[in-house]
Amino acid sequence: MFNLVHFLLFVLHHLLQAQALTLPQDISALKAFKSSIKQSSIPSWSCLASWDFSDDPCAVPHRTRFICGISCSPDATRITQITLDPIGYSGQLTPLISQLSQLTTLDLSDNYFFGRIPSSISSLRNLQTLTLTSNSFSGSIPDSVTALKSLETLDLSHNALSGKLPKSLNSLTSLKRLDLSYNKLTGFLPKLPFNLLELALKANSLSGYVSKSTFDGLTRLEVVELSDNSFSGTLGAWFFLLPSLQQVDLANNSFTHVEISKPAGGNSDLVAVNLGFNKIEGNLPANFADYPMLSSLSLRYNRLRGAIPLGYSKKKSLRRLFLDGNFLIGTPPAEFFAGDTEVTGSLGDNCLRGCPANSQLCSPRQKSYAICKRAYSGKPRS
């Protein structure tokens, strides 16, 4: 009996060893990754604390070691995902991450990683998702990131990244979602990847014009968020004719003019537009009323003049309208104040006449006659 038990234990031991197939370079990369994290920032109950290299990372079952934070290939030989728990790990991203050549997901979001993003990240040719949001990464975005041809999601938002955007950003031919918001990025917009669905670059220091060549061929683009930058000049009519566009936020920039054409064939998926807090001059773009699904429009705090187009009040899809803080004149359309109206927002702080004081739409109060007179170099006309 003793010999039988001994034999079974021997077989079990070797079976477990046979499961320890993780490539040595992957194990050394994981060790380097963990050692680059400050030990004091690794709670005993965290994912990283369970990375005990006395066992193989891809051994099955994990049970008490490597209980979370990584995933392995079906044959248990390669690390394919690193997704850390957001509990405040502090450290740097080791350049040896490049050894994990089968990695498809790297998600370190909501921690305290700092320092530069290593240029060696370009070796992760199978990477599909790179999410480093809400950390303290600094320095420039390495140009080498544009070598990641399989990348579909790139989220580096809420860090301290600076410098210009990589010039060859459009070489990320698989990229669908790009979020670099809340950094310190400067310079112009380069040519964008043609498969992009969502673009978010909010709260940086980007400048220059929003040119047609930058967005050329982006037939699938649905969301554009460029608010809180320093973009200037004219926003051309081509922009709102991008065929899949749904949501646009360009608030808090320095645009001076906006051109709006009627959508081709009367068809458009455009739902929400925010152009508030710019320097846009001229009359309110009447053609916005021809976008069939538009439900939210903000042009507040610009330098717009003239009357409110009647088409705005007849547009059944419109639910939120913010035109406050301009120099609009005349009497606002009566339909805005009908009992069955569903429009909310503000027409206040303009030069309108007859805006009902009891209507929430007319708050805040209109500009003084003196201010309006100066704006029009004489008596404002309807």
Leu156 and Val145: CA distance, side-chain angles, deciding distance, side chain to side chain contact (heavy atoms under 4.5 Å, CB included) verdict: CA-CA 12 Å; Leu156 308 179; Val145 77; 5.9 Å; no
In this structure, would [X] and [Y] fall into the same cluster of hydrophobic residues linked by side-chain contacts under 4.5 Å?
X	Y	value
Ile67	Trp45	no
Phe113	Trp51	yes
Ile27	Ile79	yes
Leu328	Tyr301	no
Phe327	Leu323	no

Got a sec: does the [atom1] of [X] have more than 12 other heavy atoms crowding it under 6.0 Å?
X	atom1	result
Lys149	NZ	yes
Gln360	CD	no
Lys191	NZ	yes
Tyr209	OH	no
Phe188	CZ	no
Arg320	CZ	no

[X] side chain to [Y] main-chain N or O, any donor-acceptor pair under 3.5 Å?
X	Y	result
Ser244	Thr219	yes
Asp56	Cys58	yes
Asn126	Thr104	no
Asp26	Pro24	no
Asn111	Ile87	yes
Gln247	Ala272	no

Are [X] and [Y] in a cation-pi contact, defined as NZ or CZ under 6.0 Å from the six-membered ring centre and within 45° of the axis?
X	Y	answer
Arg305	Tyr376	yes
Lys212	Phe239	no
Lys31	Phe53	yes

Under a plain distance cut-off of 3.5 Å, with no hydrogens placed, do [Y] and [X] share a side-chain donor-acceptor pair?
X	Y	result
Lys38	Ser40	no
Thr344	Arg319	no
Asp107	Ser109	yes
Ser150	Ser174	no
Thr214	Ser211	yes

With side chains defined as the heavy atoms from C-beta onward, is the minimum distance between Gln99 and Ser28 less than 4.5 Å?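 Gln99 vs Ser28: side chains touch.
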Nearest heavy-atom pair of [X] and [Y]: which atoms, and what distance?
X	Y	value
Pro292	Ser268	CG-O, 3.8 Å
Ser261	Tyr291	O-OH, 2.7 Å
Leu284	Leu304	CD2-CD1, 3.6 Å
Ile37	Phe33	CG1-O, 3.4 Å
Pro43	Ser46	O-OG, 2.7 Å
Val210	Trp238	O-CZ2, 3.4 Å

Is the distance between the ring centroids of Phe240 and Phe288 under 6.0 Å?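 Between Phe288 and Phe240, which both carry aromatic rings, the centre distance is below 6.0 Å.
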For Glu152 and Arg177, run salt bridge (Lys or Arg N to Asp or Glu O under 4.0 Å): C-alpha distance rounded to whole Å, both residues' side-chain angles, the deciding distance at 0.1 Å, then the answer. CA-CA 6 Å; Glu152 297 181 2; Arg177 292 171 179 83; over 6 Å; no
Let's go through Phe215 and Leu199 carefully: what are the C-alpha distance in whole Å and the side-chain angles of both, what is the deciding distance for side chain to side chain contact (heavy atoms under 4.5 Å, CB included) to 0.1 Å, and is it a yes or a no? CA-CA 11 Å; Phe215 289 80; Leu199 171 67; 4.1 Å; yes
Table please: side-chain donor-acceptor pairs of residues 226-233 below 3.5 Å, with sequence neighbours left out.
residue	atom	partner	partner atom	Å
Asn229	OD1	Asn204	N	3.2
Asn229	OD1	Ser205	N	3.4
Asn229	OD1	Leu206	N	3.0
Asn229	ND2	Leu201	O	3.0
Asn229	ND2	Leu226	O	3.1
Asn229	ND2	Ser227	O	3.2

Go through the steps to decide whether Leu218 and Arg220 satisfy the test side chain to side chain contact (heavy atoms under 4.5 Å, CB included), and finish with yes or no. CA-CA 6 Å; Leu218 271 69; Arg220 304 176 65 194; over 6 Å; no
Mind running side chain to side chain contact (heavy atoms under 4.5 Å, CB included) on Asp269 and Met293 for me, showing each step along the way? CA-CA 6 Å; Asp269 294 329; Met293 299 178 66; 4.0 Å; yes
Would you give the length of the straight line joining atom CG of Leu169 to atom CG of Leu154, rounded to the nearest 0.5 angstrom?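 It comes to 8.0 Å.
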Asp143 with Lys167: basic N within carboxylate O range, under 4.0 Å: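 Salt bridge flag = no for Lys167 with Asp143.
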